[in-house]
Amino acid sequence: MKFPTDSNLIVGLDRPDDAGVYKITDDIAIIQTVDFFTPIVDDPYWFGQIAVANALSDVYAMGGVPKTAMNIVCFPINLDISILRQVIQGGIDKMKEADVVLAGGHSVEDSEMKYGLSVTGFIHPDHILTKKNLKVGDRLILTKPLGTGIINTAIKGGLASGKIIEQVTSLMAALNKDAAEVMKDYPVHACTDITGFGLLGHLAEMVAGSGLGIGIQTGTIPIIPEALEYAKMGLVPAGAYKNREFREAMVDISSSIKQAVLDIMYDPQTSGGLLICVESKCADELKNKLIKKGMKDTAIIGEVLSAPEGRIVVE
Ligand code: CO
Ligand code: CO
Ligand code: CO
């Protein structure tokens, strides 16, 4: 398909990234993104918060600041209107936390509830972080633990405890705002957020066409402990298998890696953390700063290698 072009569209569909970026002047560009989905938790207020944290995340992943948002609402007429009110309230409260203003929105009748946002953010045109631009020796930092897709599968199966539901809900509702602010002070070369393609899917997007490789040390990856237990029980969402099918040809896996760990690396995340590619000499300092700022599970999980070209080595 041939998409329309414009010299001011700096990041567009010719090289898909977390969001589109359009240059307005030499000093300012707008970041645009849209995301909405069906409820992933039972509590409507929390669902609203998660949907907003997820929609804003792509702006943070580009290194930008989200400013305005429009609600996108799909709602069945036979559902109690107070549920919709709670969803919207959760969304508004999360936008307030992010210092984002709701500028409007649109709702349609649908067979299943859906909620999300279209978001506009700002960035300096010279400071855009994309999935590309990896440099040999860079370290990869992940700011949230993995396993939310597997835990959500366990929740749907009625197997998760109230405590773990609460934990994973607040994890998904946590903004990537602080992570984006902290990384601005460091020599970050590339960034993305971990969502539906899982860790390995998003690493594959980063390494593809880079002429470089990526090495991942599985022992350092932050994982929600219960997710590992559920993965061992086979509670793995269909999306994880799809992600593996799509990307396994790019991944070299050491024979010592357990299947459950691999499942978690392909597990589709909802509102996952930022994956930050930073110059090696600053990696420890950035990691410690992120932990100090409250992202306590932040870890350095791997590095950029000169070879094997376009591949991910999992050890
Ligand atoms: Co993204
Ligand atoms: Co998105
Ligand atoms: Co990015």
Side-chain angles (χ1 to χ4, degrees), residues 9-22 29-37 40 49-67 69 72 94-95 98 100 115-123 127-134 140-149 152 171-184 188-210 214 239-240 242-243 246-247 265-278 290 295 298 301 312:
L9 187 67
I10 324 173
V11 181
L13 286 170
D14 55 329
R15 51 162 190 148
D17 215 285
D18 290 305
V21 185
Y22 189 88
I30 53 167
I31 304 177
Q32 291 180 290
T33 179
V34 55
D35 238 313
F36 62 111
F37 47 54
I40 31 127
Q49 290 194 53
I50 293 167
V52 165
N54 176 70
L56 298 179
S57 180
D58 281 325
V59 176
Y60 296 128
M62 302 297 288
V65 179
K67 275 293 161 202
I72 296 165
K94 192 47 72 174
M95 280 180 249
V100 166
Y115 176 60
L117 298 178
S118 103
V119 186
T120 302
F122 295 143
I123 192 162
H127 300 159
I128 300 162
L129 296 172
T130 67
K131 297 173 184 178
K132 301 299 168 191
N133 196 36
L134 312 184
L140 292 159
I141 295 180
L142 179 62
T143 64
K144 284 189 192 182
L146 300 178
T148 57
N152 287 331
L171 187 67
M172 292 185 291
L175 291 169
N176 283 324
K177 179 176 190 270
D178 288 346
E181 270 166 19
V182 169
M183 76 174 169
K184 277 198 180 84
V188 172
H189 293 148
C191 182
T192 192
D193 57 337
I194 305 295
T195 52
F197 295 130
L199 174 66
L200 282 169
H202 292 283
L203 285 168
E205 290 179 330
M206 281 182 137
V207 84
S210 69
I214 284 177
K242 266 187 222 147
N243 288 340
F246 185 40
R247 292 301 191 182
M265 293 176 81
Y266 281 116
D267 184 37
Q269 302 299 286
T270 300
S271 189
L274 293 189
L275 179 64
I276 304 167
C277 178
V278 65
L290 289 162
M295 289 148 276
T298 301
I301 63 164
I312 305 157

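Whatever order the structure lists ligands and atoms in, that order sets their numbers, starting from 1.
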Identify, by name, the N, O or S atom of [X] lying closest to the Co ion (ligand 1).
| X | value |
| --- | --- |
| D193 | OD1 |
| D58 | OD1 |
| D18 | OD1 |

query: How would you list, by chain and number, every residue that makes a side chain to side chain contact (heavy atoms under 4.5 Å, CB included) with A179, sequence neighbours excluded?
result: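 Here the qualifying residues are T143, L274, L290, M295.
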- request: Only counting residues at least two apart or in another chain, list the ones meeting side chain to side chain contact (heavy atoms under 4.5 Å, CB included) with V11.
  value: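 With sequence neighbours excluded, V11 shows a side chain to side chain contact (heavy atoms under 4.5 Å, CB included) to R15, D17, V21, M62, I128, T130, given in chain and number order.
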query: With a cut-off of 2.8 Å, does any N, O or S atom of D17 fall short of it relative to the Co ion (ligand 1)?
result: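 No, D17 does not qualify, because none of its backbone or side-chain N, O or S atoms lies under 2.8 Å.
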- request: Indicate yes or no for a side-chain donor-acceptor contact from N243 to the backbone of F197 under 3.5 Å, with no hydrogens or angles considered.
  value: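 Yes.
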- prompt: Can you tell me how far the NZ atom of K144 sits from the CD1 atom of I194, to the nearest 0.5 Å?
  reply: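 So the NZ of K144 and the CD1 of I194 are separated by 11.0 Å.
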